[in-house]
Amino acid sequence: MTPPEIFRELSLFRLKRSVLLGIKSLWLHKLRSLLTAMGIVFGVSSVIAMLAIGEGASHEAQEQIKELGSQNVIIRSVKPTNSATAGEETRSLVLSYGLTYRDISQIQATVPGVEVTVPAREMKDYIWRGSHRIDGTTLGTVPWFPEMRNRTLLQGRYFTELEMQQRATVCVLSRSLAKHLFPLSEPIGSTVRIRSSYFRVIGIISDDRAAASEQDAPTAKGKGKGSKSSEGMEMMIPLTTLSEHFGEVLFKYRSGSFEAEKVELHEVTVRIDTPEQVMPAADAIRHILERNHKEIDYTMVVPLDLLRRAERTKQIFNIVLGSIAAISLLVGGIGIMNIMLATVTERTREIGIRRALGAKKKDIVMQFLIETVMLSGAGGVLGVALGLSIPLLITHFAEMVTIIQLWAPVLAFSISVITGVLFGISPALRAAGMNPVEALRHE
Amino acid sequence: MTAPESVVVAPASRAVPTPASKKLAAPVIELRGVEKHYQMGDTLVKALQGIDLKIRHGDYISILGPSGCGKSTMLNILGCLDQPSVGQYLLDGIDVSELPDDELSQVRGKKLGFIFQSYNLIQQLTVVENIEVPLYYQGVPEKESREIAVELARRVGLGKRLDHRPTELSGGQQQRVAIARALSNDPAVILADEATGNLDSKSGGDIL
Ligand SMILES: Nc1ncnc2c1ncn2[C@@H]1O[C@H](COP(=O)(O)OP(=O)(O)OP(=O)(O)O)[C@@H](O)[C@H]1O
Ligand SMILES: [Mg+2]
C-alpha cells in the first residue's frame, strides 16, 4: 500500500466511525436532537413547498400567455363606460364604438413589420339547438384563427378560405359549448341556430384557456368582456358570414331590454415579424389608436409584455422567498448552535478524556462538526420529505398546479448542510480549544 | 487513611522486545530540573521545583505527599497533558517539553495509558467501544482494534459485558474497563492519579 492509499483508507475509516459516534451521541438525547432539527425541517420544507407553488402558478400563467402567441398584439373593442359621447350615441339608438377598418389600415400602413392576421367580430346572443339554448359568443373570424391563437382542433375541421368567400353557414364550436349543447349526441354534422340563421357544425376546437388571464391583464382598460355564464361558450363562423347574416349593427336582446351596437371589428390580432420588434410595434399601435379614438373603447393585450411582467413577478417572488428561506435557516442554525454550545459544555469531561487518550484538536473539531452537520442534515432530509409532500397535498386538495423542480430539494438540502457547518464551527472550536487538564477536572 | 498517591507504572513487557542491552539501561521517563509555575495575580505559585527523576522499564512507582504538594501537577506533566515551565522531560528518549499540541496528543495516544480516579468512561459508548477509544485515535483499523478490545475485556473478566454501557456496570467493573482502556494501546507508561482510594490492589495489581 502506498502512503496516499493508507491516508485515504484511514480518513474514510475515521469518517465512518465519526458518523457512527455522532449518531450515538445524538441518539442519547433523542427528543432534544429532534426539537433542535425542527428549525431546519420547517425552513427547508417551506422553501421547497413555496418554490413548488410559485413555480406552478407562474407556469400556469406563462402557458396561458404563450397561447395568445408571444409575437402577437391583440386589440379588442370595449364598450366605453358612461362617457359623454356614449350618451349621445344612445339617443340615436345605435351605440357606435370600437375598432374600425381605418385603424387597421393605418396600423398596416405605418407600423413596419406587422401583419394584421386575425380580424374578428363577435356577437353575444343565444345559440340554439332545437329548444335548448346557451348564452354564448359568436365569433366571426378567419380560417387561420386557430393557428394564430394556438387553439387546437379536437374534432372535425375548421372552415376554409373558400367557405369564407362563399359566406358558408358552417360553424366550429368550442369544447365547452359543444359539451353543453350536445351532452349526449354527436355534434359534428348537426345544426345550431342563431336568431333565424342555421349553421352546420363542422368541428370542435379547444377552449380559450387564456380568457381568464386576459381579463385580469393590466393593460385591459374599461369593462371586462362578457358575463361569467357565457365564458368559454364560443362558436366560430366565417367573418363574412357574420356580416351578411347579422349586418354591421348588432342587436342584443337581454332580459327584456334592447340594445343596438355598431362595431366594425371586435377583435384584431396583429402579428409582428420578429420578437425584438414586438414592444416598439406595440407602442406604435397604441399611438395610432390613441390618436384615432377620443375615448378608450378598445383594449390592447401584448402577450410578450404580460410574459415579461409574469417573469418579473416571479423574480420578486423568488427574492421574497429567498429572504424567508434565509431567515428561517438562520433561525434554525442559531437553534442548532445554541444546543451544540450547551452540548459542548455538558461534555467537557468527555472532551478531556478523549484528549488524554490521544485525540488531537482537529479530531475534536471533526467530532462536533460532524454531529452538527448530521443534526442539520437529518433536519434537511425530514424537511425535504415534508417539503415534497406539501405540494402534493395542495395539488390534491386545492387543485392548484405545483411544480417541483429537481434542483429545489437538492438546493434546500445542501443549504441545510452548509448551515450545519457554519453554525457548528464555533461550538466545535470551543470544544477543541479546551485545556485537557481543566476539561478532565470539570464536573 | 493513607496519603493520596499517584502511581507511575512502566510495564516491563515493553522492555522485553527491545533487543539491545543499552536500551535496557535507557530510562522511559527522565525529568531534568522540571519546574511548574502558576501565575495567580501578583503571586507566582511554584507547584513544582527542581524535579529530577528517572523511571526505567518495569518500574512501579508511587508518588506520595500531602495535599497540595503538587502530585497531580507532576502527573499531568508526566502524562503530557501539561508542559513544564522550566526544565526538560524526556519520554522514551524524546524531548516532549516543547512539543506542539498535535504531537503531544500523538505521544499521549501512543505511549501513555491513563487510569483516572473516577474511571472517566464515556457514557454513550459500550465497554468494548470505551476500550477502543485510544486505538481509534491511533488509526488502528476497525477489525483489529475490535479484536484487541475484546481480548482485553476478556482478560479483565468482562467477556460477558462487552455491549454494556458504563451505567450498567458496578464500580469495580468500571474500574476494570478503565484499566483495559489504559492497556489497549500497549503504552510505555501507565499513569494513575489518587490510585489507592479506588485501585484495589487485588484486581488492579493482578492485571498490571
Ligand atoms: N491551574 C492552577 N492554577 C494555579 N495554581 C494551581 C493550579 N493547579 C494547581 N495549582 C496549585 O499547585 C499546587 C499543587 O496542586 P496539585 O493539584 O498538584 O496538588 P496535589 O498534590 O495533587 O494535591 P491533592 O493530594 O490534594 O490532590 C497547589 O498549591 C495548587 O493550588
Ligand atoms: Mg491531586
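No hydrogens, no waters, no symmetry mates; every other heavy atom, side chains included, goes into these values. Throughout, a chain's letter reflects where its sequence line sits, starting with A, and its residues are numbered from 1.
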Spacing of CG belonging to B:Leu135 relative to CG belonging to A:Leu357, to within rounding of 0.5 Å: 10.0 Å
Flag if over 12 foreign heavy atoms under 6.0 Å of NZ, B:Lys143: no
Nearest atoms (heavy-atom pairs only) where A:Pro436 meets B:Leu81: CB-CD2, 3.8 Å
Over 12 non-hydrogen atoms of neighbours within 6.0 angstrom of CD in B:Glu98: no
A:Leu26 CG to B:Gln124 CD distance, which is reported to the nearest 0.5 Å: 10.0 Å
Full working for side chain to side chain contact (heavy atoms under 4.5 Å, CB included) between B:Arg108 and A:Lys360: CA-CA 10 Å; B:Arg108 285 199 292 266; A:Lys360 297 183 175 133; over 6 Å; no
Spacing of CD1 belonging to B:Ile122 relative to OG belonging to A:Ser25, to within rounding of 0.5 Å: 9.0 Å
CE/A:Met366: more than 12 non-hydrogen atoms of other groups inside 6.0 Å: no
Atom pair CG (A:Asn435) and CG (B:Asp82), whose distance is rounded to the nearest 0.5 Å: 6.5 Å
Side-chain donor-acceptor pair present, A:Arg354, B:Ser105, cut-off under 3.5 Å: no
Salt-bridge present (B:Asp101, A:Lys362; N to O < 4.0 Å): no
Under 4.5 Å from any heavy atom of chain A - which part of B:Leu121: backbone
Euclidean distance, A:Asp363 CG relative to B:Tyr136 OH, rounded to 0.5 Å: 6.5 Å
Toward chain A, the part of B:Ser145 with a non-hydrogen atom under 4.5 Å: side chain
Expected output: side-chain A:Arg349 to main-chain B:Asn120 donor-acceptor under 3.5 Å: no
Nearest-0.5 Å distance that lies between atom CG in A:Leu21 and atom CD in B:Glu129: 8.5 Å
Check against side chain to side chain contact (heavy atoms under 4.5 Å, CB included), A:Ile353 and B:Arg181: CA-CA 11 Å; A:Ile353 298 166; B:Arg181 185 175 67 185; 3.7 Å; yes
Side-chain donor-acceptor pair present, B:Gln123, A:Glu350, cut-off under 3.5 Å: no
